[in-house]
Amino acid sequence: MLDLKEIRKNPDKFIELLNRRNDDFSYLKDLINKDEERRELIGDIESTKAKKNTVSRKIGEYKRENKDPKPLFEEIKSIGKGVEAKETRLKELEEEITHSLLMTPNLPLETTPIGKDETDNNEIKREGQIPTFDFNPKPHWDLATDLDILDFDRGAKISKSRFTVYKGLGARLERSLLNFMMDLHAKDHGYTEIIPPYIVNKESMIATGQFPKFKDDAFNVGDDDKLFLNPTGEVPTINLYRDEILDGKDLPIKYTAFTTAFRKEAGSAGRDTRGIIRQHQFNKVELIKFTKPETSYDELEKMLQNSEKVLQVLNLPYRVVDLCTGDLGFAMRKTYDIEVWLPSYNTYREIASISNAEDYQARRGNIRFKRDKESDTEYVHTLNGSGLAVGRTVVAILENYQQKDGSIKIPEVLIPYMGVEYIK
RNA sequence: GGAGGAAUACCCAAGUCCGGCUGAAGGGAUCGGUCUUGAAAACCGACAGGGCAUGUAAGUGUCGCGGGGGUUCGAAUCCCUCUUCCUCCGCCA
């Protein structure tokens, strides 16, 4: 959530930056007017209450001293008039303002490339060797079906389309990857492991920015509009500290979370229908940080490196892009995407997203810290990154490590986890 | 799922029946001090935290006794509702 006090100081600046997201945010001006009215009402109501409280206290005193409080009752009657209507109006205004702010995305950074969609993202670097094949490489769904390690038809039968059964060494590859990733981040990169609840409440979804705007993307559990399947490990993990005040000495706090993510993919009908690129359910290893404001961008760079490391060790070719304003996520000020090379697509596809929300989520979730006992509370900065999306890593390995005979060579680092050198 | 009980400041805990000197007793922890070569102990002192409004600020006001609502001039205390935790029973990995 943006800070209305800051918007008030320089509304045009906010509107200009937000408009780079290719939408119209001029309603913020109206919001300022509402806030003006709101503050005026608060002043009114509170001074009335102050008067009332004084007389009320006096009534207590009179009673104790056995004096007749009747005249005070007359007095108090005239004080309270009209407050009720004001309070109703105030509540209405507050709801409108809060709702508007919850629907307003984070401010892109001044330096974020301006653009319409992913084609305008700014490529920062490419790493790794794109494999060349002396045969016709197959897409992962063909490889996996031939090897009998993914079963799309039965996944759809059991559940519905975009659900897949992992089988045999396919299941083991998934499990090996997530263990490998968790080990790397927990043991080498100093993140604390987390396995959070996969079902989260509305408040949690609001804090990280999924709700209210993107409610249609979430699976509601129990149909009572209270609990939802988490769409990313970011939601439960950031919400660890919702409504808490952290000790500045403990920052930065670093977590790596293993979660299964669930998404309706409401707006993606017809896209990526083959294979496991886009599933309703997929595993993810997530990186989360809570930092002081002044270090969050350093921590973002480190997180990007931690995330890249997975691809480097797996020896997968990838590139890093700086997302443009049109592709930037709702809650984020800056996002790097890591895209892995997929031979069957003959292009790079997103496998990780590393972002700094600054204090946007912290405000929504009321996550604060104190530098020391005397200092004021401040909002933390929250960062999250994939470390990585496990399913898409499976895709990348299948496609990049495929052999002429249709078998898959296992990357060196995974052999201890897999117990075999090839899937065949 | 059934039956009970509970939620008070960093922690423990009184107050709730009988509404007003409770902007919340008492203890512990913490911080500062005295004493001591140093420490412990003892003693003295400090000690809600946070939001909002206003103000350059000091401050002032307002809201805070799990959350929300209500009754009342006035609510920790009465009423409604939700949440969480505990105990027992049932079921269960």
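Everything numeric here is computed off the predicted structure, so don't read it as measured data. Reminder, nothing fancy here: chain letters follow the sequence lines and each chain counts from 1.
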task = Let me know, please, whether A:Thr377 or A:Lys63 comes out on the 5' side of the other along RNA chain B by nearest nucleotide.
result =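 Nearer the 5' end of the strand: A:Lys63.
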ask   = Which sits closer to the 5' end of RNA chain B, A:Glu61 or A:Asp35, going by the nucleotide each is nearest to?
value =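 First, find each residue's nearest nucleotide; the 5'-ward one identifies A:Glu61.
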Which whole number of Å gives the distance between the [atom1] atom of [N] and that of [M]?
N	M	atom1	result
B:U56	B:A39	C1'	48 Å
B:G90	B:G27	C1'	42 Å
B:C65	B:G23	P	12 Å
B:G49	B:C10	P	8 Å
B:A75	B:C91	P	48 Å
B:U81	B:C18	C1'	26 Å
B:U22	B:U16	C1'	12 Å
B:A25	B:C11	P	16 Å

query = Can you check B:G64 for me, syn or anti if syn means within 90° of 0?
reply =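 It is syn.
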ask   = Is the closest basic N to carboxylate O distance between A:Glu6 and A:Lys9 below 4.0 Å?
value =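 Yes, charged N to carboxylate O under 4.0 Å.
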ask   = Does a side-chain N-to-carboxylate-O contact under 4.0 Å join A:Arg363 and A:Asp359?
value =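 Salt bridge flag = yes for A:Asp359 with A:Arg363.
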query = By a strict heavy-atom criterion of less than 4.0 Å, which residues belonging to residues 44-59 of chain A are in contact with RNA chain B?
reply =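 A:Glu46, A:Lys49, A:Ala50, A:Lys52, A:Asn53, A:Ser56, A:Arg57, A:Ile59, in order of number.
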request  = Kindly determine whether A:Asp151 and A:Lys167 satisfy salt bridge (charged side-chain N to carboxylate O under 4.0 Å, His left out), including the steps that lead there.
outcome  = CA-CA 7 Å; A:Asp151 190 335; A:Lys167 182 179 174 189; 5.7 Å; no
task = Would you please say whether a donor-acceptor pair under 3.5 Å links the side chains of A:Glu286 and A:Tyr191?
result =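 A:Glu286 vs A:Tyr191: no donor-acceptor pair found between side chains.
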ask   = Would you say the side-chain atoms of A:His381 and A:Ser296 include a donor-acceptor pair closer than 3.5 Å?
value =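 A pair is found: one side chain offers a donor N or O, the other an acceptor, under 3.5 Å apart.
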ask   = Got a sec, which residues hit salt bridge (charged side-chain N to carboxylate O under 4.0 Å, His left out) with A:Lys215, two or more places apart in sequence or on another chain?
value =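 Checked A:Lys215 against salt bridge (charged side-chain N to carboxylate O under 4.0 Å, His left out); matches are A:Asp225.
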query = Considering residues at least two apart in sequence or located in another chain, which fulfil the salt bridge (charged side-chain N to carboxylate O under 4.0 Å, His left out) criterion with A:Lys138?
reply =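 Partners of A:Lys138 by the salt bridge (charged side-chain N to carboxylate O under 4.0 Å, His left out) criterion, ordered by chain and then number, come out as A:Asp146.
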query = Is the number of heavy atoms from other residues, nucleotides or ligands under 6.0 Å of A:Asp216 CG greater than 12?
reply =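 Open.
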Heavy-atom contact window of chain A on RNA chain B, given 5' to 3' at under 4.0 Å =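 Range of nucleotides within reach of chain A: B:G20 to B:G74.
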task = Starting at CG of A:Leu169, measure out to CG of A:Leu147 and round the result to the nearest 0.5 Å.
result =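 Result: 9.0 Å between the selected atoms.
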inquiry  = Reading 5' to 3' and counting Watson-Crick or G-U wobble pairs with both distances under 3.5 Å, write the dot-bracket notation for RNA chain B, | for bases paired outside the strand.
reply    = ((((((((.[[[..)....(.....]]].(((((.......)))))...(((((....)))))..[[[[[..)....]]]]])))))))....
Would you mind writing out the side-chain donor-acceptor pairs for residues 233-248 of chain A within the sub-3.5 Å range, not counting sequence neighbours?
unit_1   : atom_1 : unit_2   : atom_2 : d
A:Glu234 : OE2    : A:Gln361 : NE2    : 2.7
A:Glu234 : OE2    : A:Asn384 : ND2    : 3.4
A:Thr237 : OG1    : A:Gly233 : O      : 2.7
A:Asn239 : OD1    : A:Arg242 : NE     : 2.6
A:Asn239 : ND2    : A:Ser204 : O      : 2.9
A:Asn239 : ND2    : A:Val235 : O      : 2.8
A:Tyr241 : OH     : A:Tyr255 : OH     : 2.5
A:Arg242 : NH2    : A:Ser204 : OG     : 3.0
A:Asp243 : OD1    : A:Asn366 : ND2    : 3.3
A:Asp247 : OD1    : A:Lys249 : N      : 3.0
A:Asp247 : OD2    : A:Lys249 : NZ     : 3.4

query = In a check of side chain to side chain contact (heavy atoms under 4.5 Å, CB included) between A:Pro411 and each of A:Val313, A:Ile397, A:Leu177, which one passes?
reply =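 Among A:Val313, A:Ile397, A:Leu177, the one that satisfies the side chain to side chain contact (heavy atoms under 4.5 Å, CB included) with A:Pro411 is A:Ile397.
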